[in-house]
Amino acid sequence: MNIDLSGGRALVTGGASGIGAATARLLGELGARVVIADIDGAAARSALAETGAVGHVVGDVADAGAVEAMVAGAEDRLGGLDMVVNSAGIGDDLVPVHQQAPERWQRVVDVNLRGTYLVCRAAGRNMVARRSGAIVNVSSIVGLGAFPGRSAYGVAKAGVIHLTRTLACEWGPAGMRVNCIAPAYTMTPMVRSLLDRKVFDPAVIERRTPLGRLAQPEEMARAAAFLLSDWASYITGTVLPVDGGWSVYAAAGDVDKGPPLRD
Ligand SMILES: NC(=O)c1ccc[n+]([C@@H]2O[C@H](COP(=O)([O-])OP(=O)(O)OC[C@H]3O[C@@H](n4cnc5c(N)ncnc54)[C@H](O)[C@@H]3O)[C@@H](O)[C@H]2O)c1
């Protein structure tokens, strides 16, 4: 039996690009009907063909009124929602706290954490009433461990993990499941722009990653699809690192690339 999302109605935020677009496409391939939500209306429109999504809604996930309108628009288009993936997000400035503008800190927290909260809140209302639904939030390895210069993003993504756990406990009795994935460096436009600006060196990341490479967006999409599907029917409140082993690597220096050690 393969993962089958036939008949499922899904909203994917941040669906115009990167992990969100790959997830929207895969959910469609697995049988779901998908609406994408994004702040970038032009990109969302052009992602329709690429993702196979049946519609799009436009707005800022950090804006409570916009979120209510986007969720209502998706519910109208699909006749309700069974699944939500919260992939809308922005990166931060990579500056230490004492040099950071509080306004920028707040915006990063607002989009990544408040946005996830608002979308869960708006979409969850009808799911609770119908006593079914599955949500996947997108955290990060930066939500699992501290990265210097990434206080806003780290706080937001750690908050997404805790929000996920709280919602799993609040909504479990209503038959709903809420999980999150914690991606490591994934080759999306967000990461490509960091590479272009030479913010980090991919070779350094590869050497620090047990699987020795960066991820592709489709690898995040597969984890999200699994958590949304009946294959994960007894999984809720979990954070699934999709990180090539990044978060479990605790030794000093680079990953040993030699042959496996024998005792
Ligand atoms: N790429 C990575 O390495 C990586 C690693 C860990 C976690 N993540 C997380 O994965 C998610 C997707 O990232 P990505 O790399 O695909 O980025 P991306 O920039 O390719 O896509 C993000 C999408 O979110 C949309 N968006 C941004 N702000 C929004 C807002 N306020 N309201 C609505 N939509 C908004 C953008 O327009 C864009 O289409 C983010 O939450 C990000 O933090 C990414």
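Order of listing sets the numbers, starting from 1, for every ligand and every atom in it. A quick note: this is a predicted structure, and the numbers were derived from the prediction, not measured.
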Which of the ligand 1 atoms, numbered from 1, are nearer than 4.0 Å to a heavy atom of [X]:
| X | value |
| --- | --- |
| Ile90 | 27 (C), 28 (N) |
| Ala16 | 39 (O) |
| Arg107 | 31 (N) |
| Gly59 | 32 (N), 33 (C) |

Answer yes or no: is there an ion pair linking Asp92 with Lys157, defined by an N-O contact shorter than 4.0 Å?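 No, this pair does not count.
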Salt bridge check, Arg125 against Glu75: does any charged N sit closer than 4.0 Å to a carboxylate O?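 Arg125 and Glu75: not salt-bridged.
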Option set [options], criterion heavy-atom distance to [atom], minimum:
| atom | options | value |
| --- | --- | --- |
| atom 2 (C) of ligand 1 | Val191, Ile205, Val242 | Val191 |
| atom 24 (O) of ligand 1 | Gly20, Gly14, Ala156 | Gly14 |
| atom 27 (C) of ligand 1 | Ala21, Gly89, Ala88 | Gly89 |

Which residue holds the protein heavy atom closest to [atom], what is that atom called, and what is the gap in Å?
| atom | answer |
| --- | --- |
| atom 8 (N) of ligand 1 | Tyr153 OH, 3.4 Å |
| atom 16 (O) of ligand 1 | Ile19 N, 2.8 Å |
| atom 10 (O) of ligand 1 | Val138 CG1, 3.3 Å |
| atom 20 (O) of ligand 1 | Ser17 OG, 2.6 Å |
| atom 37 (O) of ligand 1 | Asp38 OD1, 2.5 Å |
| atom 12 (C) of ligand 1 | Ser87 O, 3.1 Å |
| atom 13 (O) of ligand 1 | Met190 CE, 4.0 Å |
| atom 5 (C) of ligand 1 | Ala184 O, 3.3 Å |

Of Asn86, Asn112, Asn179, Thr116, the residue whose pairing with Asn137 passes side-chain hydrogen bond (donor to acceptor under 3.5 Å, both in side chains): Asn86
Part of [X] within contact of ligand 1 (heavy atoms, under 4.0 Å):
| X | value |
| --- | --- |
| Ser139 | backbone |
| Thr186 | both |
| Ile39 | both |
| Thr188 | side chain |
| Met70 | neither |
| Met220 | neither |

Is the distance between the ring centroids of Phe200 and Tyr185 under 6.0 Å? yes
Consider ligand 1: state whether an atom of it lies below 4.0 angstrom from any non-hydrogen atom of [X].
| X | result |
| --- | --- |
| Ala182 | no |
| Pro189 | yes |
| Asp60 | yes |

For the residue pair [X] and [Y], establish whether any side-chain heavy-atom pair is separated by less than 4.5 Å.
| X | Y | result |
| --- | --- | --- |
| Val128 | Trp171 | yes |
| Thr51 | Val34 | no |
| His162 | Leu113 | no |
| Arg114 | Val109 | no |

Is there at least one pair of N or O atoms, one from [X] and one from ligand 1, spaced under 3.5 Å apart?
| X | result |
| --- | --- |
| Ser140 | no |
| Val111 | no |
| Lys157 | yes |

Pair Leu240-Leu227, side chain to side chain contact (heavy atoms under 4.5 Å, CB included): steps then yes or no: CA-CA 9 Å; Leu240 177 59; Leu227 288 170; 4.2 Å; yes
